[in-house]
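Below: the structure, in structure tokens.
Remember, it's 1-based here, ligands and their atoms both numbered in the order they're listed. Residue indices begin at 1 and follow the sequence shown.
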Amino acid sequence: MSLDLTSLQTLLDSDCLLTDGDSLQHYGKDWTNFYTVAPIAIAFPKTTEQVQAVVRWCAQNQVAIVPSGGRTGLSGGAVASNGELVVALDKMNNILDFNAAAKRLHCQAGVITEQIQQFADDNSLYYPVDFASTGSSQIGGNIATNAGGIKVIKYGMTRDWVLGLTVVTGSGEILELNQGLVKNATGYDFRHLFIGSEGTLGIITETTIGLCRKPQNLTVLLLAIPDLNSLMPILEAFQQQIDLTAYEFFSDVALSKVMDIHKMAAPLKTEAPFYCLLELDASSETELDKAFAVFETCMEQGLLLDGAISQSEQQAQDLWKYREYISESISHYKPYKNDIAVTPEKISKFLEEVDVIVKSEYPEFEVVWFGHIGDGNLHLNILKPEALSVDDFKSQCDKVSPKIFQRLQEMKGTISAEHGVGLLKKPYLNYSRTDAEIQLMKAVKKVFDPNNIMNPGKLI
Ligand SMILES: Cc1cc2nc3c(=O)[nH]c(=O)nc-3n(C[C@H](O)[C@H](O)[C@H](O)COP(=O)(O)OP(=O)(O)OC[C@H]3O[C@@H](n4cnc5c(N)ncnc54)[C@H](O)[C@@H]3O)c2cc1C
């Protein structure tokens with residue numbers, strides 16, 4: 001029986017409910033390639049009250065909701081495959097309030113992440129959560145996935161910057177959580193339950209975000225390294241002297257894909273199997289001198305083969321491109337992605353073991369390594385050969401993932417460091433969370449979403 005959407009339309013402004021085929025395909029999916037896309041309609045509320053009305057309508061009509069941000073997610077969290085209503089936050093994109101002295105802004109959840117970064121910059125402040133998709137992702141989506149990115153080593157995850165949230169729960173209640181407070185010792189902090197909840201508890205409609213002082217002179221070093229074993233000694237050598245703002249790594253295959261797609265020249269004269277990119281705030285000559293001294297020591301110890309250092313902001317941005325363009329440069333291969341992490345001190349051993357598994361299990365596939373290695377976070381991307389169908393490719397990769405996850409479990413790592421569980425990692429959640437924890441998660445979901453309408457089938 002088809003559902004009459006007329007009563008839903010009356011809850012929204014005109015032109016804010018779409019049902020045409022192109023819109024259903026466009027708004028019904030994220031960056032994943034593995035799932036059918038079949039939402040019933042796309043709703044674009046403009047206020048928290050409209051979101052509340054839509055959620056209540058869905059509860060009455062037993063329609064499931066998929067909250068949708070910038071749809072840059074990599075785990076299928078924003079995919080609507082089963083006649084769900086997609087609630088897109090695109091029209092809730094206003095910055096509502098700003099307090100420069102308190103370094104705090106209040107905005108709707110559909111504001112694009114880069115807009116927040118730009119707004120902070122225009123006001124001589126800094127929003128440090130950063131990654132390659134911030135030009136499209138929304139702050140609400142970042143909060144729902146607790147996004148990380150390239151500056152976590154110094155500035156932490158999205159969670160560390162959320163001072164308040166307004167949410168509409170699955171039962172249609174509006175909650176204002178923590179209200180921008182720095183201190184608030186009044187029991188359970190539900191704000192933190194919603195951060196990383198992947199749209200399964202409710203819809204985030206507004207947020208208060210903390211900002212910080214701008215770094216003065218971000219300087220980038222790109223280093224060629226002989227093997228994976230050099231990664232951590234280099235990090236330790238630098239971290240003992242300087243607070244790095246980023247420590248990233250990528251393989252020669254990753255670099256070659258970026259150079260091919262973007263027609264970029266090699267960044268260094270020396271070719272190497274792996275590269276790492278460091279960033280520091282060289283606001284004084286002393287910091288730069290320290291960095292040079294560590295560089296030379298690492299060179300003498302054979303940990304490095306070559307390196308380049310940025311001399312200007314433009315050069316720093318140009319060096320970053322070799323790292324930031326990787327995801328986009330391999331996207332046409334429909335890669336099978338693993339976003340895994342262990343604590344940084346275990347990363348060398350873990351990388352060694354994953355390398356063995358990958359070489360023996362994926363001999364015929366091209367593998368691209370990169371990641372936020374300073375946080376212990378590795379992105380392992382298996383590229384689909386053109387001749388293989390998406391389904392066959394995924395099922396072959398699905399057979400290998402448990403071997404990596406088994407090792408992760410033994411090393412007390414995680415199957416998802418920052419991309420979330422969504423649909424893609426849901427079958428493997430038990431490698432990172434115990435049965436008791438999963439039962440508690442289900443119980444928590446029931447409290448906030450008693451009708452099971454919020455992103456059902458995702459995460460748990
Ligand atoms: C090129 C590229 C690079 C990336 N690099 C990184 C990286 O370095 N670090 C990182 O952490 N991620 C990275 N990502 C993944 C992605 O950008 C993040 O997960 C991002 O936070 C998703 O935000 P979004 O607005 O696109 O959310 P969506 O993809 O739209 O949604 C993600 C999840 O959040 C839920 N959701 C969205 N909005 C709301 C809301 N308002 N209320 C409740 N639930 C909501 C959705 O239902 C879904 O479950 C990358 C992605 C790409 C394409």
**Message:** Restricting to side-chain hydrogen bond (donor to acceptor under 3.5 Å, both in side chains), what partner residues turn up for Thr186, sequence neighbours left out?
**Reply:** Asn184
**Asked** Mind checking whether Tyr247 and Phe238 have ring centres under 6.0 Å apart?
**Response** no
**Request:** Tell me which protein heavy atom sits closest to atom 11 (O) of ligand 1, plus the residue, atom name and distance to 0.1 Å.
**Result:** Gly148 N, 2.8 Å
**Message:** As an exercise, identify every atom of ligand 1 less than 4.0 angstrom from a heavy atom of Gly77.
**Reply:** 47 (O), 48 (C), 49 (O)
**Complete:** Of all protein heavy atoms, the one nearest atom 36 (N) of ligand 1 is Ala144 CB, 3.6 Å
**Message:** Taking 4.0 Å as the limit for heavy-atom contacts, which would you say applies to Asn142 with ligand 1: side chain only, backbone only, both, or neither?
**Reply:** both
**Request:** Taking atom CG of Asp20 as the centre, report whether more than 12 heavy atoms of other residues, nucleotides or ligands fall under 6.0 Å from it.
**Result:** yes
**Message:** So if I count the atoms of ligand 1 from 1 in the order they appear, which ones are less than 4.0 Å from some heavy atom of Gly202?
**Reply:** 43 (C)
**Prompt:** Do ligand 1 and Leu74 have nitrogen or oxygen atoms that lie under 3.5 Å from each other?
**Reply:** no
**Fill in**
Looking only at protein heavy atoms, what sits closest to atom 46 (C) of ligand 1 is Pro67 O, 3.1 Å
**Request:** Kindly check if the number of other-residue, nucleotide or ligand heavy atoms within 6.0 Å of CD (Glu313) is above 12?
**Result:** no
**Item:** Numbered atoms and elements of ligand 1 in range of Ser137, under 4.0 angstrom, heavy atoms
**Value:** 23 (O), 24 (P), 25 (O), 26 (O)
**Item:** Numbered atoms of ligand 1 (with element) below 4.0 Å of Gly141, judged on heavy atoms
**Value:** 21 (O), 23 (O), 24 (P), 25 (O), 27 (O), 37 (C), 38 (N)
**Asked** Taking the side chain from Thr134 and the backbone from Asp130, do they hold a donor-acceptor pair closer than 3.5 Å?
**Response** no
**Prompt:** Can you tell me if Asp243 uses its side chain to pair, donor with acceptor, with the backbone of Gln239 under 3.5 Å?
**Reply:** no
**Request:** Say whether Ser331 and ligand 1 are in contact under the criterion: heavy-atom distance to a ligand atom below 4.0 Å.
**Result:** no
**Request:** With heavy atoms of Gly199 as the reference, note each atom of ligand 1 found under 4.0 Å away.
**Result:** 43 (C), 44 (N)
**Asked** Do any N/O atoms on His372 end up under 3.5 angstrom from N/O atoms on ligand 1?
**Response** yes
**Request:** Indicate the ring-plane relationship of Tyr336 and Phe34, choosing parallel, tilted or perpendicular according to the 30° and 60° boundaries.
**Result:** tilted
**Fill in**
Closest to atom 1 (C) of ligand 1 among protein heavy atoms sits Ser327 CB, 3.4 Å
**Message:** Between Tyr155 and Tyr126, is the ring centroid distance below 6.0 Å?
**Reply:** yes
**Request:** Look at Arg323 together with Glu248 and state whether they make a salt bridge at an N to O cut-off of under 4.0 Å.
**Result:** yes
**Message:** Does the structure place the NZ or CZ of Lys384 under 6.0 Å from the centre of the six-membered ring of Tyr333, at an angle of no more than 45° from the ring's axis?
**Reply:** no
**Request:** Determine, using heavy atoms of Met157 and all atoms of ligand 1, whether some pair is separated by less than 4.0 Å.
**Result:** no
**Prompt:** When you measure from atom 49 (O) of ligand 1 to each heavy atom in Glu198, Glu324, Lys458, which option holds the nearest one?
**Reply:** Glu198
**Prompt:** Quick one: which ligand 1 atoms are inside 4.0 Å of a heavy atom on Leu89?
**Reply:** 41 (N)
**Asked** Which residue supplies the protein heavy atom nearest to atom 4 (C) of ligand 1, what is that atom called, and how far is it?
**Response** Ser133 OG, 3.6 Å
**Request:** Could I get the full list of side-chain hydrogen bond (donor to acceptor under 3.5 Å, both in side chains) partners for Lys334, not counting sequence neighbours?
**Result:** none
**Request:** State whether the shortest distance between N or O atoms of Ile150 and N or O atoms of ligand 1 falls below 3.5 angstrom.
**Result:** no
**Request:** Using distance alone, decide if ligand 1 has a nitrogen or oxygen within less than 3.5 Å of any nitrogen or oxygen in Ile204.
**Result:** yes
**Request:** Report the nearest protein non-hydrogen atom to atom 33 (C) of ligand 1: residue, atom name, distance rounded to 0.1 Å.
**Result:** Thr145 CG2, 3.7 Å
**Request:** Provide, to 0.1 Å, the distance between atom 22 (C) of ligand 1 and the closest protein heavy atom, together with that atom's residue and name.
**Result:** Thr72 OG1, 3.4 Å
**Fill in**
For Gly73, the ligand 1 atoms with a heavy-atom partner under 4.0 Å come out as 26 (O), 29 (O)
**Asked** What residue and atom, counting heavy atoms only, is the protein's closest point to atom 28 (P) of ligand 1, and at what distance?
**Response** Arg71 N, 3.5 Å
**Prompt:** Is Asp391 salt-bridged to Lys394, going by a charged N under 4.0 Å from an acidic O?
**Reply:** no
**Message:** Does any N or O of ligand 1 fall below 3.5 Å from an N or O anywhere on Ala147, backbone included?
**Reply:** no
**Item:** Nearest option to atom 31 (O) of ligand 1, as decided by whichever heavy atom of Ser68, Gly149, Ala78 sits closest
**Value:** Ala78
**Asked** atom 6 (C) of ligand 1: which of Trp31, Phe131, Tyr27, Phe194 has the nearest heavy atom?
**Response** Phe131
